[in-house]
Amino acid sequence: MGRQKQFVVALSPHERQELTDMTRKGVHSARVMTRARLLLLSDQGLKDRNVAERVGVSTVTVASIRRKFVQGGLKAALYERARPKQPPKLDAHGTAILIAEVCSAPVGRETWTMQLLADRLVTLGVVDSISDETVRRTLKKTFLKPWQVESWCVAQVGADFVWRMEAVLDTYALPYDARRPVICFDEKSYQMLDHVRDPLPPVPGYPARVDHEYKRCGTVNFFVAFEPLMGQRTVTVTERRGNAEFAAQLQALDMRYAAADRIVLVLDQLSTHSPAALYQHLPAEEARRLSRRFEWVYTPKHASWLNMAELEWSVLQRQCLGQRLASVDAVEAELLAWETDRNARSVRANWQFSISAARDKLKRHYHCDE
């Protein structure tokens, strides 16, 4: 004769109906649903091993839930008791010390790591011991990320910045005029790379695989001339980015827009972006003619984002230059395909930043009479 169960589940009609509704509606957690089914099966007099097989738990779990039901009732069997929370490892004082350390530079390291901060708190006597995960969770609440560093150009916004910015924005606000086209001009360098091992193409179930190791194959320079109102751009590859190359680009623009009276050229304040480059590499009369052919509009220093050619660079990087290109011929072939496609679709720039928006955004930098 088998041993009689010490804790027998005998549900009342109300409890049985409540558990049945819970299993049908499916609005509770998986754990609660499992315990509800377990209690219903136990109420039918099934053995623990049969209940365990049908619910998918161990017999120990079945016995434990039966005991909780008999001793504490339905709620105790379905739900876990709230466990008392452990006091925080770092109190307000300790958190303040942690923040102060994060905001200072570590000695001998570029940035703080979680383990360095944990060790630092122990060294300072703030805590006897603390894990790097506890440090990370504490910093997460304060929105501090010592491993994250942002880099940007900080522009000194003053009168010179404001008038150059408004000159650029005035230029962008002009309607299209074929006799006076607006060209945004810029240049970038590009590192050519080659694969050390041939990449594996994608196959069903596996993505393309590229070995992280690569070989450097030199650098080239890109010149871009972008006409935003017509959606036309030209990208030229050169070996260097000196005054001679810049002068050659202006000669090419002069021929490309031969029917125009003047060409409005928006460009950054680089040392090579100057009419002086024309006088350095061209005969005086030709240099004078070309310098008068262009209307020079410079963006403020550290404000290249005002040059719409930057938009083209961003798209070019995302759509074309993320791959490894090992030779000038490969670079030129990819750029030509990219340029031809965008020019055929006349992809224009939708510039939204106006003078009124700039004055509202930078109003503290404008002089206002009281």
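Since the model is a prediction, treat every value here as computed from it, not as a measurement.
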Treat each ILVMFWY residue as a node, draw an edge where side-chain heavy atoms are under 4.5 Å apart, and state whether [X] and [Y] are in one component.
X	Y	answer
L169	W163	no
L311	M165	yes
M114	W112	yes
V62	L46	yes
L321	Y214	no

Give me each pair satisfying salt bridge (charged side-chain N to carboxylate O under 4.0 Å, His left out) with a member in [range], each pair once, sequence neighbours excluded.
range	answer
residues 28-42	R35-E80
residues 251-272	R179-D261, D254-R289, D254-R293
residues 162-177	D160-R164, E166-R359

Run the salt-bridge test on [X] and [Y] with the 4.0 Å N-O cut-off and return the result as yes or no.
X	Y	value
E133	R136	yes
E310	K188	yes
R180	E295	yes

Are [X] and [Y] close enough that a side-chain donor and a side-chain acceptor fall under 3.5 Å?
X	Y	answer
T134	S131	yes
Q249	E187	no
E245	N243	no
N343	R233	yes

For the student: nearest non-hydrogen atoms of [X] and [Y], plus distance:
X	Y	value
T111	P106	C-CG, 3.7 Å
Y279	A284	CE2-O, 4.1 Å
A260	A178	CB-O, 3.8 Å
L306	P300	CD1-CD, 3.5 Å
P175	L229	C-CD1, 4.2 Å
N221	S189	OD1-N, 4.0 Å

Item to check | Between W305 and F353, ring centroids under 6.0 Å | outcome: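 Distance test on ring centres: under 6.0 Å, yes.
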
Item to check | Ring center gap for F223 and F185 short of 6.0 angstrom | outcome: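 Judged by ring-centre distance (under 6.0 Å), F223 and F185 do meet the cut-off.
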
Checklist entry - Are R197 and E213 close enough, and set up right, to give a salt bridge (Lys or Arg N to Asp or Glu O under 4.0 Å), and what steps lead you there? => result CA-CA 8 Å; R197 300 171 184 82; E213 188 177 358; 3.0 Å; yes

To the nearest 0.5 Å, what is the distance between [atom1] ([X]) and [atom2] ([Y])?
X	Y	atom1	atom2	result
F246	L278	CZ	CG	6.5 Å
L121	L116	CG	CG	11.0 Å
D132	L117	CG	CG	10.0 Å
S12	Q17	OG	CD	10.5 Å
E339	L316	CD	CG	10.0 Å
L265	L250	CG	CG	6.5 Å

Taking only residues two or more places apart in sequence or in another chain, which ones pass salt bridge (charged side-chain N to carboxylate O under 4.0 Å, His left out) with [X]?
X	answer
R109	none
K75	E18
R67	none

Are the side chain of [X] and the backbone of [Y] linked by a donor-acceptor contact shorter than 3.5 Å?
X	Y	answer
T123	D119	yes
S291	R288	yes
S274	A277	no

Do [X] and [Y] have side-chain heavy atoms sitting under 4.5 Å apart?
X	Y	answer
D48	R66	yes
T299	L267	no
S346	Q232	yes
R216	Q191	yes
F226	V235	no
L290	Q251	yes
L74	L39	yes
E227	M230	yes

Item to check | Contacts of R16 that satisfy side-chain hydrogen bond (donor to acceptor under 3.5 Å, both in side chains) - sequence neighbours left out | outcome: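 Here the qualifying residues are D43.
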
What pairs of donor and acceptor atoms, side-chain ones from residues 89-103 against any protein atom, are under 3.5 angstrom apart with sequence neighbours left out?
residue: K89; atom: NZ; partner: S129; partner atom: O; Å: 3.2
residue: D91; atom: OD1; partner: H93; partner atom: N; Å: 3.3
residue: D91; atom: OD1; partner: G94; partner atom: N; Å: 2.7
residue: T95; atom: OG1; partner: D91; partner atom: O; Å: 2.9
residue: E101; atom: OE1; partner: R120; partner atom: NE; Å: 3.2

With sequence neighbours left out, what residues match [X] under side-chain contact (heavy atoms from CB on, under 4.5 Å)?
X	answer
L200	R209
S271	none
V237	V220, F222, V328, V331, E332, L335

Item to check | Crowding at CZ, R345 (>12 non-hydrogen neighbours, <6.0 Å) | outcome: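 Yes - once you tally the heavy atoms of other residues, nucleotides and ligands closer than 6.0 Å, there are more than 12.
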
Item to check | Enclosure of Q323 CD (heavy-atom neighbours >12, cutoff 6.0 Å) | outcome: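 Yes.
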
Next on the checklist: Could you walk me through whether V266 and V182 satisfy the side-chain contact (heavy atoms from CB on, under 4.5 Å) test, starting with their C-alpha distance in whole Å, then the side-chain angles of each, then the deciding distance to 0.1 Å, before giving a yes or no?
Outcome noted: CA-CA 7 Å; V266 179; V182 175; 4.2 Å; yes

Item to check | Test log, rule side-chain contact (heavy atoms from CB on, under 4.5 Å), inputs T23 and H28 | outcome: CA-CA 9 Å; T23 58; H28 298 273; over 6 Å; no

Item to check | Contacts of Y172 that satisfy ring-ring contact (aromatic ring centres under 6.0 Å, His included) - sequence neighbours left out | outcome: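 Y172: ring-ring contact (aromatic ring centres under 6.0 Å, His included) contacts with W351.
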
